[in-house]
Amino acid sequence: MKKNLLKIIALTVASIMAVSVMSSCGSKKDADTEAEGTNTLTMATNAEFPPYEYYDGKDIVGIDAEVAAAIADKLGMELKIVDTAFDSIIPAIQAKKYDIGMAGMTVNDERLEQVNFSQPYAKGVQVVIVKEDSDITDVDDLFAEGSKHNVGVQTGTTGDIYTTEDIESADLGTVSRFNKGADAVEALKIDKVDCVVIDNEPAKAFVEKNPGLKILDTAYADEDYAIAVAKDNTELLDKINSALDELKADGTFQKIVDKYITAK
């Protein structure tokens with residue numbers, strides 16, 4: 001009886017020690033995972049915006065992807081890029097799901113109320129794509145009295161914001177919203193919309209791939225692109241601005257841009 005009791009006590013102590021060791025190992029693993037997570041810079045984008053972000057096979061490449069990678073390298077971090085819907089990027093940054101947003105994202109007053117932006121790193125131009133035989137020959141045609149054009153845009157972009165205010169709210173036409181810029185262009189090709197308002201660089205890529213389309217000579221709007229960061233993450237914002245300064249000073253930034261735009 002006594003021997004059995006001693007055996008039971010010994011087994012109990014051994015079990016407690018085993019659980020303790022397992023708990024310790026689990027805690028170390030969790031700590032390592034947490035440490036690894038803090039060394040990762042997560043970038044939210046919408047990979048439908050060449051040459052800033054697009055797919056090359058299974059990889060997301062482009063100006064924003066390479067600039068973000070260079071920034072992460074300056075900060076001693078690993079970059080992770082997540083492809084998501086454009087209009088979900090800012091809410092996700094606000095919710096701390098991602099660290100930064102880069103998607104040819106224009107700085108405007110509405111977005112500045114929701115997130116902070118880095119210094120501008122590129123100039124954007126909103127342009128109008130039409131069919132070559134379109135009756136829209138100038139941007140002003142969209143604002144002419146009695147105008148009732150149907151304008152295609154990508155949801156949540158500044159093209160969406162501008163045309164909603166300038167055209168739809170002014171009862172000068174309607175705005176059709178699409179999840180992708182490419183979908184808006186497809187709608188134009190089959191006459192579901194009369195034109196597409198979109199950023200200049202992807203517009204050039206779309207027109208090049210689709211004979212019969214052209215870009216109007218007059219621009220719809222000029223903009224600045226910058227990196228979105230959560231309002232309370234000022235430390236990261238400062239580091240990103242410093243990294244951008246260094247990348248511009250040492251020529252890295254311009255080499256990235258030249259690779260995708262100037263060299264073409």
Side-chain angles (χ1 to χ4, degrees), residues 45-55 62-64 85-90 103-111 120 122-226 257 260-262 264:
T45 193
N46 178 238
E48 301 285 344
F49 193 67
Y52 286 90
E53 40 267 318
Y54 60 96
Y55 278 98
I63 294 172
D64 285 350
F86 184 85
D87 59 352
S88 72
I89 293 175
I90 287 181
M105 190 168 289
T106 304
V107 181
N108 62 28
D109 292 339
E110 180 181 343
R111 290 173 180 166
K123 288 285 184 183
V125 180
Q126 289 287 315
V127 297
V128 182
I129 304 176
V130 296
K131 284 190 168 183
E132 289 182 345
D133 60 354
S134 174
D135 64 339
I136 304 172
T137 60
D138 188 279
V139 171
D140 288 341
D141 291 339
L142 297 174
F143 312 125
E145 186 176 352
S147 176
K148 291 294 179 183
H149 294 103
N150 187 352
V151 182
V153 298
Q154 182 179 2
T155 301
T157 62
T158 47
D160 182 1
I161 295 169
Y162 296 152
T163 56
T164 297
E165 295 176 355
D166 301 339
I167 296 173
E168 196 168 63
S169 296
D171 198 29
L172 292 173
T174 56
V175 177
S176 294
R177 298 167 182 84
F178 300 86
N179 289 330
K180 301 176 181 179
D183 293 342
V185 172
E186 287 300 315
L188 172 61
K189 289 165 60 178
I190 59 175
D191 296 319
K192 283 191 174 182
V193 298
D194 300 311
C195 65
V196 174
V197 176
I198 196 168
D199 295 71
N200 188 47
E201 291 303 328
K204 289 191 290 187
F206 289 136
V207 168
E208 184 178 348
K209 292 179 181 178
N210 295 281
L213 302 183
K214 67 178 183 179
I215 300 171
L216 295 183
D217 292 334
T218 49
Y220 194 102
D222 295 322
E223 323 174 297
D224 288 321
Y225 294 161
V257 172
Y260 290 95
I261 296 180
T262 309
K264 289 188 176 182

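Keep in mind the model is a prediction, meaning the values are calculated, not measured.
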Exercise. Would you call the rings of Y220 and Y162 parallel, tilted or perpendicular if under 30° counts as parallel and over 60° as perpendicular?
Worked result: parallel
Problem set entry | Reference residue I215; test side-chain contact (heavy atoms from CB on, under 4.5 Å); the match among V128, V125, N200 | N200
Exercise. Which heavy atom in A85 sits nearest to a heavy atom in N46, and how many Å separate them?
Worked result: CA-ND2, 4.1 Å
Problem set entry | Atom pair CG/CD1 of N150 and I167 - distance to nearest 0.5 Å | 10.0 Å
For this session: Determine whether more than 12 heavy atoms belonging to other residues, nucleotides or ligands lie under 6.0 Å from atom CD of E208.
Result: no
Problem set entry | Shortest non-hydrogen contact from P50 toward A205 | CG-CB, 4.2 Å
For this session: Sort out for me which residue in K204, Q126, Q154 forms a side chain to side chain donor-acceptor pair (under 3.5 Å) with D199.
Result: Q126
Seminar exercise, completed: Distance col, row C195:SG vs L216:CG, nearest 0.5 angstrom, shows 8.0 Å
Problem set entry | N179 CG: over 12 foreign heavy atoms closer than 6.0 Å | no
Problem set entry | Exam field: side chain T218 to backbone D138, donor-acceptor pair closer than 3.5 Å | no
Seminar exercise, completed: Nearest heavy-atom contact between G181 and I198 is CA-CD1, 4.0 Å
Problem set entry | Whether over 12 other heavy atoms sit under 6.0 Å from K148 NZ | yes
Problem set entry | Short side-chain to backbone donor-acceptor contact, S176 and G152, under 3.5 Å | no
Exercise. Run the ring pair (Phe, Tyr, Trp, His ring centres under 6.0 Å) check on Y225 and Y52 step by step: do they pass?
Worked result: CA-CA 11 Å; Y225 294 161; Y52 286 90; 5.2 Å; yes
Exercise. Under 3.5 Å, side chain of E201 to main-chain N/O of F49, donor-acceptor pair present?
Worked result: no
Exercise. Per the side chain to side chain donor-acceptor pair (under 3.5 Å) rule, which among D183, T163, D160 passes with R177?
Worked result: D160
Seminar exercise, completed: Residues L142 and S147: closest non-hydrogen pair is O-OG, 3.4 Å
Problem set entry | Over all atoms of both residues, closest heavy-atom pair of V107 and A226 | CG2-CB, 3.5 Å
For this session: Take atom NZ of K214 as the centre, draw a 6.0 Å sphere, and report whether it contains more than 12 heavy atoms from other residues, nucleotides or ligands.
Result: yes
